[in-house]
Enquirer: 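Below are the structure tokens for one structure; questions will follow.
For reference, positions follow the sequence shown, starting with 1. Counting starts at 1 for both ligands and their atoms, following the listed order.
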Amino acid sequence: MANVVVVGAQWGDEGKGKIVDWLSERADVICRFQGGHNAGHTLVIDGKVYKLHALPSGVVRGGKLSVIGNGVVLDPWHLMKEIATIREQGVEITPETLMIAENTPLILPIHGELDRAREEAASKGTKIGTTGRGIGPAYEDKVGRRSVRVADLADAATLEARVDRALQHHDPLRKGLGFEPVDRDALLAQLNEIADHILPFAAPVWKVMNEKRKAGKRILFEGAQGALLDIDFGTYPFVTSSNVIAGQAATGVGLGPGAIDYVLGIVKAYTTRVGEGPFPTELEDADGQRLGERGHEFGTTTGRKRRCGWFDACLVRQTCATSGVNGISLTKLDVLDGFETLKICVGYDLDGKRLDYLPIAAEEQARCVPIYEEMPGWSQSTEGARSWADLPAEAIKYVRRVEELIECPVALLSTSPEREDTILVTDPFAD
Ligand code: GDP
Ligand code: IMO
Ligand code: MG
């Protein structure tokens, strides 16, 4: 009996969706605890592809409870569209299988508009490269104590009061940007219309989760983004607007910190980043292009080309520490097939000084020059390997070196997008 948190240990898109889906067979409850539909999690099951953004990846397996926790920011119109798409793929989603925390803040159309307007107005160097989904402005309203939350949809008078409070802030802000004031009545009508679709899923998630825990149910916490996009420990200001690291998992659904038994970090065998910001091991040469092509590195949410680079052991050692990672799942090892030589970053040179961690200031991060260690590659295919015996000796050596450098063992190894192309070393759910 154990509860497992899955977190991204780089800049997102490490393959969390695939691993959460794989692990969800062993879990009773699968919950999202932060972020929103900026996430894009891809599952491939017997050749059929599912792309999930706001829904937990556990929805695809029958008989599980999926939960959207209070740490999430929720766009209710997007959610209903996503539910419709996933239902069309033959997945059943009902209030018995999906629960949304009543205290989840909503992403309103004005948040997306503000997010995109700021990005368009930003100059080079200040642009974040957000997903344009309104995530930042929605979290700003949450900490500014002016969110409209799921529970507010249940009562027309409360909803009006909450909308008025939000607009007191947004209308002057919009004026400054040259936007019209919000059409209050139209927004209220939109919210009243969506309320009927959302409210059947609303529940006191903190209570349900505590009851599940007492009943000995296994909980799988599905992280979104990656530790380097964390608002505190990421490459600030080029980050998302929430805590994404493992410590957030309990707070994001209403459980105590003791509920977390095991933290699984998801780690890509190389590095990618989508959006702006420092990236010490980025490759702008043929190797980078090859990683992008072999790894199909295009964003699941925005379709943007992901920046690619060598594996950065320095960064992953750091993110394993800030999330208290017990074991990692190393993904996309197959993408490295056929490289003659592989490089791993083991430290940085900053203005002539050697560092074994990434400094906190963005300006210093941008000046960090990676110090590499080289390893021989392998020519055989590892794609679809399902046991260690299927891996060439050089690939095993690469995995072992990664473990040593990040000071964390490999619990799972992934060798293709397919659910079953996964090698189990240590079961995170084992007692
Ligand atoms: P997430 O956001 O962390 O869930 O990751 P994404 O779904 O955005 O991106 C990961 C991509 O890599 C998806 O297209 C997955 O299907 C794919 N993927 C996951 N694991 C592997 C793997 O081991 N090998 C290969 N080649 N692709 C993988
Ligand atoms: P998953 O869960 C990769 C990045 C954006 C941008 C920054 C801020 O699929 O790994 P935001 O819209 O959150 O304000 O954008 O964060 N970003 C992601 N990058 N994977 C994600 O999610 C991401 N979610 C946000 O590209 O750089
Ligand atoms: Mg993704």
Enquirer: Not counting sequence neighbours, which residues clear side-chain contact (heavy atoms from CB on, under 4.5 Å) with Leu173? List them please.
Expert: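 So Leu173 forms a side-chain contact (heavy atoms from CB on, under 4.5 Å) with Leu114, Arg118, His169, His170.
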Enquirer: In the protein, which heavy atom is nearest to atom 5 (C) of ligand 2, and how far is it?
Expert: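 Going atom by atom, the protein heavy atom closest to atom 5 (C) of ligand 2 ends up being Gly129 O, 3.5 Å.
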Enquirer: Using a 4.0 Å heavy-atom cut-off, say whether Trp11 meets ligand 2 through its side chain, its backbone, both or neither.
Expert: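 The answer is the backbone of Trp11.
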Enquirer: Just go through Thr130, Leu229, Val239, Leu52 and tell me whose heavy atom is the nearest to atom 17 (N) of ligand 2.
Expert: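 Result: the heavy atom closest to atom 17 (N) of ligand 2 is in Leu229.
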Enquirer: Measure the distances from the heavy atoms of Arg133 to every atom of ligand 2 and state whether one is below 4.0 angstrom.
Expert: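 Arg133 does not count as a contact of ligand 2 under the 4.0 Å cut-off.
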Enquirer: Ignoring water, what protein N, O or S atoms are under 2.8 Å from the Mg ion (ligand 3)?
Expert: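 Near the Mg ion (ligand 3), the protein supplies Asp13 OD1, Gly40 O.
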Enquirer: Under 4.0 Å, heavy atoms only, figure out whether ligand 2 is touched by the backbone of Lys16, its side chain, both or neither.
Expert: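 The answer is the side chain.
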Enquirer: Checking Asp13 now: which residues fulfil side chain to side chain donor-acceptor pair (under 3.5 Å) with it, not counting sequence neighbours?
Expert: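 Checked Asp13 against side chain to side chain donor-acceptor pair (under 3.5 Å); matches are Arg306.
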Enquirer: Given Glu276, Gln34, Gln225, His53, identify the one with the heavy atom nearest to atom 1 (P) of ligand 2.
Expert: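 Selected option, by shortest heavy-atom distance: Gln225.
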Enquirer: Checking Arg290 against Phe339: charged group under 6.0 Å from the ring centre and within 45 degrees of the axis?
Expert: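 Yes - Arg290 lies over the ring of Phe339, closer than 6.0 Å to its centre and within 45° of its axis.
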Enquirer: Pick out the protein N or O atoms lying less than 3.5 Å from any N or O of ligand 1, and list each pair with its distance.
Expert:
| residue | atom | partner | partner atom | Å |
| --- | --- | --- | --- | --- |
| ligand 1 | 2 (O) | Asp13 | OD1 | 3.3 |
| ligand 1 | 2 (O) | Gly40 | O | 2.8 |
| ligand 1 | 3 (O) | Glu14 | N | 3.1 |
| ligand 1 | 3 (O) | Gly15 | N | 2.8 |
| ligand 1 | 3 (O) | Lys16 | N | 2.7 |
| ligand 1 | 3 (O) | Lys16 | NZ | 2.9 |
| ligand 1 | 4 (O) | Lys16 | N | 3.3 |
| ligand 1 | 4 (O) | Gly17 | N | 2.8 |
| ligand 1 | 5 (O) | Gly15 | N | 3.3 |
| ligand 1 | 7 (O) | Thr42 | N | 2.9 |
| ligand 1 | 7 (O) | Thr42 | OG1 | 2.7 |
| ligand 1 | 8 (O) | Asp13 | OD1 | 3.0 |
| ligand 1 | 8 (O) | Gly40 | O | 2.8 |
| ligand 1 | 8 (O) | Thr300 | OG1 | 2.9 |
| ligand 1 | 8 (O) | Arg306 | NH2 | 3.2 |
| ligand 1 | 12 (O) | Lys332 | NZ | 3.0 |
| ligand 1 | 20 (N) | Ser414 | OG | 3.4 |
| ligand 1 | 23 (O) | Lys332 | N | 2.9 |
| ligand 1 | 23 (O) | Ser414 | O | 3.0 |
| ligand 1 | 23 (O) | Ser414 | OG | 2.5 |
| ligand 1 | 23 (O) | Thr415 | N | 3.4 |
| ligand 1 | 23 (O) | Ser416 | N | 3.2 |
| ligand 1 | 24 (N) | Asp334 | OD1 | 2.8 |
| ligand 1 | 24 (N) | Ser416 | N | 3.4 |
| ligand 1 | 26 (N) | Asp334 | OD2 | 2.7 |

Enquirer: Check whether Trp388 forms a cation-pi arrangement with Arg400 (NZ or CZ under 6.0 Å from the six-membered ring centre, at most 45° off the ring normal).
Expert: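 Geometry flag: set, cation within 6.0 Å and 45°.
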